[in-house]
Amino acid sequence: MEIILISLAAFFTAILTFFSGFGLGTILMPVFALFFPVDIAIALTGVVHFTNNLFKMALVGKLADKAVLVRFGIPAILASFAGAWLLLRISNLPSIYQYELSGKEFEITPVKLIIAILLLLFSITEVVPAAQRIQFSRNKLILGGALSGFFGGLAGIQGALRSAFLIKSGLSKEAYIATSVIIASLVDFTRLTVYASSFAASGLSENKLLLFSATLAAIAGAYLGSKLLTKITLRFIQLLVATMLVLISIGLGAGII
């Protein structure tokens, strides 16, 4: 049963996140966590996410904007190390609020609350008419990459901030998706090198069939998304990004994610 549910979640989420540029890991990890301990869920999600991004890169990677890739990607990777370094030093900070819902405990941390507020602000720029005309210059991409990478290293949330900046950088829908995919793949590779040392103890070898099924389902979803690319507009992608930013910011602010 878990193979079917997780594979379906991976398939439909991969279709949506093909256009948004983020969210597969954020949505899929809690689904894995319904059936596995959190450490195993994170490892399984990381492998599916990386494999899916590699497939998407093969599909659309050649359409990436190389200048944006360099200006955004390099600061993101470098800043992720700074975020991870800071995480080690603030991980013991007390949570702002803790509560219980349906027998599960949730906590709101300072870092996640800050990210939630940032994501809400970015989502507003996608739906308010006056803000829709705002475009980030190429110089702002360095700042966007640094913020995305920093918060990715600090709290594991980098795709949403990355997309919030790139969607406003004047890219075509094809270049936006392709550039996001390559940057995400680079960040995933960095993450997996950190996880590699603990893979043996994370239960991956005992869940090969599940991992294969979920990865295949995500790839199928990404392939279908690529076929739908010509049928959607940049405005649809902007509204999708805005909606997912709001949902993720609510999840973060409430301590659910």
Side-chain angles (χ1 to χ4, degrees), residues 13-29 49-50 52-53 56-57 60-61 63-65 68-69 71-77 79-80 83 112 114-128 131-132 134-138 140-188 191 221-222 225-226 229 232-252 257:
T13 305
I15 297 175
L16 288 177
T17 58
F18 181 88
F19 303 116
S20 68
F22 70 97
L24 177 61
T26 304
I27 297 172
L28 196 55
M29 199 284 284
H49 195 269
F50 181 53
N52 184 58
N53 275 331
K56 289 194 291 185
M57 189 163 61
V60 299
L63 303 175
D65 187 303
V68 173
L69 190 61
R71 284 182 172 270
F72 196 97
I74 293 177
I77 293 173
S80 67
K112 289 186 177 181
I114 290 172
I115 298 176
I117 293 172
L118 285 174
L119 294 183
L120 276 177
L121 292 176
F122 278 119
S123 66
I124 291 172
T125 67
E126 298 302 324
V127 294
V128 176
Q132 291 174 20
I134 298 175
Q135 296 288 328
F136 291 137
S137 67
R138 295 299 171 99
K140 297 295 189 301
L141 291 174
I142 297 175
L143 173 62
L147 286 174
S148 171
F150 178 77
F151 283 111
L154 184 61
I157 306 296
Q158 56 92 19
L161 281 172
R162 180 187 65 241
S163 295
F165 270 89
L166 291 183
I167 200 71
K168 286 291 186 179
S169 62
L171 296 172
S172 67
K173 62 182 181 182
E174 294 85 1
Y176 161 74
I177 292 171
T179 305
S180 295
V181 164
I182 292 179
I183 294 173
S185 297
L186 292 173
V187 173
D188 274 348
R191 288 171 51 202
S226 71
L229 182 58
I232 58 97
T233 64
L234 182 61
R235 184 58 186 154
F236 169 82
I237 294 178
Q238 289 174 322
L239 292 175
L240 177 62
V241 168
T243 301
M244 295 187 71
L245 287 176
V246 170
L247 293 176
I248 290 177
S249 65
I250 293 173
L252 285 169
I257 298 177

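Heavy-atom basis, side chains included; hydrogens, waters and symmetry copies ignored.
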Residue pair L166, L141: steps toward the side-chain contact (heavy atoms from CB on, under 4.5 Å) verdict: CA-CA 8 Å; L166 291 183; L141 291 174; 4.1 Å; yes
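- For the pair T233/K173, no side-chain contact is recorded, criterion being any heavy-atom separation below 4.5 Å from C-beta on.
- For the side chain to side chain contact (heavy atoms under 4.5 Å, CB included) test, residues two or more places apart in sequence or in another chain that qualify with T17 are T13, S20, L24, M244.
- Side-chain atoms of S249 do not come within 3.5 Å of backbone N or O of I117 as any donor-acceptor pair.
- Scanning for side chain to side chain contact (heavy atoms under 4.5 Å, CB included) contacts around A222 gives F18, N52, F55, K56, with sequence neighbours left out.
- Proximity of a side-chain donor or acceptor of T179 to a complementary backbone N or O of A175 within less than 3.5 Å is detected.
- Within the model, atoms OG of S180 and CG of D65 stand 11.0 Å from one another, a figure rounded to the nearest 0.5 Å.
- Classified by interplanar angle (parallel below 30°, tilted 30° to 60°, perpendicular above 60°), the ring pair F19/F236 is perpendicular.
- The shortest distance between side-chain heavy atoms of I183 and R162 falls below 4.5 Å.
- Proximity of S169 to Y176: side-chain heavy atoms (C-beta onward) are nowhere separated by under 4.5 Å.
- Using a 4.5 Å heavy-atom threshold, the side chains of L240 and I232 count as separate.
- With a 4.5 Å cut-off on side-chain heavy atoms, L28 and H49 do not count as touching.
- Of the residues listed (N53, V181, I77), the one engaging L186 in a side chain to side chain contact (heavy atoms under 4.5 Å, CB included) is I77, and it is the only one.
- With sequence neighbours left out, I74 forms a side chain to side chain contact (heavy atoms under 4.5 Å, CB included) with V70, L78.
- Among all heavy-atom pairs drawn from A79 and A146, the shortest one is CB-O, 3.2 Å.
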